There are 2 protein chains.
Amino acid sequence: MDHSRCENCIVRQFNSLRAMNKEELKKVSDSKVMKTVKKGEPLFEEGERLNGVYCVRNGVSKMSKLSPNGKDQIVKLATKGEVMGQRSVIAEEHANLSAVAVSDMEVCFIPKESITTTLQKNPNFTLEVLRHMAHDLKEADDVIVNMSQKTVKQRIAEAFLYLKNNFGEDTDGFLALTLSREDIANVVGTATESAIRIISEFKKKGLIHTSGKRVAISDERKLRDLAEGF
Amino acid sequence: MDHSRCENCIVRQFNSLRAMNKEELKKVSDSKVMKTVKKGEPLFEEGERLNGVYCVRNGVSKMSKLSPNGKDQIVKLATKGEVMGQRSVIAEEHANLSAVAVSDMEVCFIPKESITTTLQKNPNFTLEVLRHMAHDLKEADDVIVNMSQKTVKQRIAEAFLYLKNNFGEDTDGFLALTLSREDIANVVGTATESAIRIISEFKKKGLIHTSGKRVAISDERKLRDLAEGF
DNA sequence: GCAATACTATGACAATTATCAGTTTTGAAA
DNA sequence: TTTCAAAACTGATAATTGTCATAGTATTGC
């Protein structure tokens, strides 16, 4: 089986491409371009005009926006199965966020034409994309509430739990996705030093342990309590 | 002309209902129920199962979520032309946010069936809803960045500018939408006392002036500079 | 292997923001 | 109009978070 064909791609099951019919999928598959992106390399930049979307086959990308104070706020981490750039293509706007790989990635670039024509012709596909976006919107609303109502300590605890739930742990029990301290700070919206300080505090309290920049959760229960505000 | 009919409702031009065809619109209009909601009254509560959406004809509603610390974070202000509850109906989930009127409102309740059947049949409508949701998602992402990277002072300055741009001013130059200090605090995600203190500071600096709980912008330029971080 | 460089870590201090405890003002109901 | 409860406001103080300076630790490229 040719795994480079969208028709056979497992990743498709996770995203809205599963609502495409055979011929639509064939067209997408014929027009797509597979790319590998190394950790640290950008996929696209805020303000750029996207002429397609990126379907993630492997690896993780941070999607962030530069705020006027010069700091990068990470709004979302996109992983296997997720489609990046969809929003901009649908709204016919320039990209609102930048996408940079935080681990080595394999992505498929899909030219926007195959997406937009399917959107106009296949209501099932459109509805599926809509459902996904409705879900993203709920998540974004929840992030707003967390950002504005929780302390930095709570947000960092939550971030570790999020990383465990979404990316799992390696064989040694460390979080499978390793982010730099700066990236962690940019996820929770705080200064890098503050993030480091709180991570050290978590270590002292036995909630986590670390090895280099890798982090492992030692006491998930306590971490969860802390995140909830107890 | 019967203005109680969706077909003739001006508000429809602002939202995705404009992509409905005549018969779909007729069905919606036949099944809808007009309601008036007094300031302070809820439209729906977080966690509730919605069996329809609310189309705003007049007035403004705050859409908020209770955070574990007991504070209400206002995520969005919905006004004339906006459709509330759409996200929950599309995702077939319970409401993620509560909606409470912040001024007297006139809304139309539209049972979800007329929405969902149109979503399945009319791709134009689905695409239109999708575009609106894409726009909402961008706005939500921007709010995340503001919330996590700007100071309370900046966020309050921005809130006043937002209120002026979106709801305008009355004949005396005061912001047409008057929010309580507590609501302002809940929009920017801070303690009520902090919000009041900063509002007082703005007054002393001549950026705004007030009369009771009403606020007027005196120096928009300076307020904008402040919001941008200068 | 070694220098250059980026990242992690910690201390000292300043700025911001929250909390608590009160007083004053406002506006709606009697 | 008076009365009363809610909302707005202020001060004092504590807690949180940011900034700057500096030192240690990995990592990379030569």
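All values below come from the heavy atoms of this structure, side chains included, with hydrogens, waters and symmetry mates left out. Bear in mind that the values here come from a model prediction, so they are computed numbers and not experimental data. By convention in this document, chain letters (A, B, ...) are assigned in the order of the sequence lines, proteins followed by strands, and residues within each chain are numbered from 1.
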Residue-phosphate contact under 4.0 Å: A/Lys213 side-chain N/O, C/dT8 OP1/OP2: yes

With the threshold set at 4.0 Å, does a side-chain nitrogen-carboxylate oxygen contact exist between A/Glu193 and A/Arg181? no

Counting the atoms with a prime plus P, OP1 and OP2 as sugar-phosphate, which does B/Ser180 contact under 4.0 Å by heavy atoms, base, sugar-phosphate, or nothing? sugar-phosphate

Starting at atom CD of A/Glu193, determine the distance to atom P of D/dT19, rounded to an integer number of angstrom. 8 Å

Using the side-chain contact (heavy atoms from CB on, under 4.5 Å) definition, which of the options B/Val60, B/Asn166, B/Asn58, B/Val102 pairs with B/Thr79? B/Val60

Check this one for me: any side-chain N or O of A/Lys153 less than 4.0 Å away from OP1 or OP2 of D/dA15? no

Does a nitrogen or oxygen in the side chain of B/Lys71 sit under 4.0 Å from OP1 or OP2 of C/dT19? yes

Using the side-chain heavy atoms of A/Val152, tell me which of these nucleotides is nearest: D/dT19, C/dA18, D/dT17. D/dT17

Let's see if you can work this out: which of C/dT8, D/dT19, D/dC9 has an atom nearest to the side-chain heavy atoms of B/Ile196? D/dC9

Exercise: do B/Glu158 and B/Asn146 side chains pair donor with acceptor under 3.5 Å: yes

Nearest whole Å is fine: how far is D/dC9 P from B/Glu201 CD? 14 Å

d(CD, B/Glu182; C1', D/dC9) in whole Å: 14 Å

Rounded to whole angstroms, how far apart are CD1 on A/Ile198 and P on D/dA15? 16 Å

Ion pair present between B/Asp183 and B/Lys62, side-chain N to carboxylate O less than 4.0 angstrom? yes

Expressed in angstrom and rounded to an integer, what is the separation of B/Asn186 atom CG from D/dA7 atom C1'? 14 Å

Would you kindly give the CD1-to-P distance between B/Ile208 and D/dA8, to the nearest whole Å? 13 Å

Using a 4.0 Å heavy-atom cut-off across all strands, classify B/Thr192 as base, sugar-phosphate, or nothing. nothing

Rounded to whole Å, CZ of B/Arg181 lies from C1' of C/dG27 at a distance of 14 Å

Can you measure B/Phe202 atom CZ to D/dT10 atom P for me and round it to whole angstrom units? 15 Å

Of the options A/Leu179, A/Leu177, A/Thr178, which is the one that meets A/Phe167 in a side-chain contact (heavy atoms from CB on, under 4.5 Å)? A/Leu177

Do the side-chain N or O atoms of B/Thr190 get closer than 4.0 angstrom to the phosphate oxygens (OP1, OP2) of C/dT17? no

Report yes or no: is there a donor-acceptor pair, N or O only, under 3.5 Å between the side chain of A/Arg197 and the base of D/dG18? no

Proximity to the side chain of A/Ser200 - top-ranked nucleotide from C/dT10, D/dC9, C/dT8: C/dT10

Residue whose nearest DNA chain D nucleotide is more 5′ - B/Ile199 or A/Lys150: B/Ile199

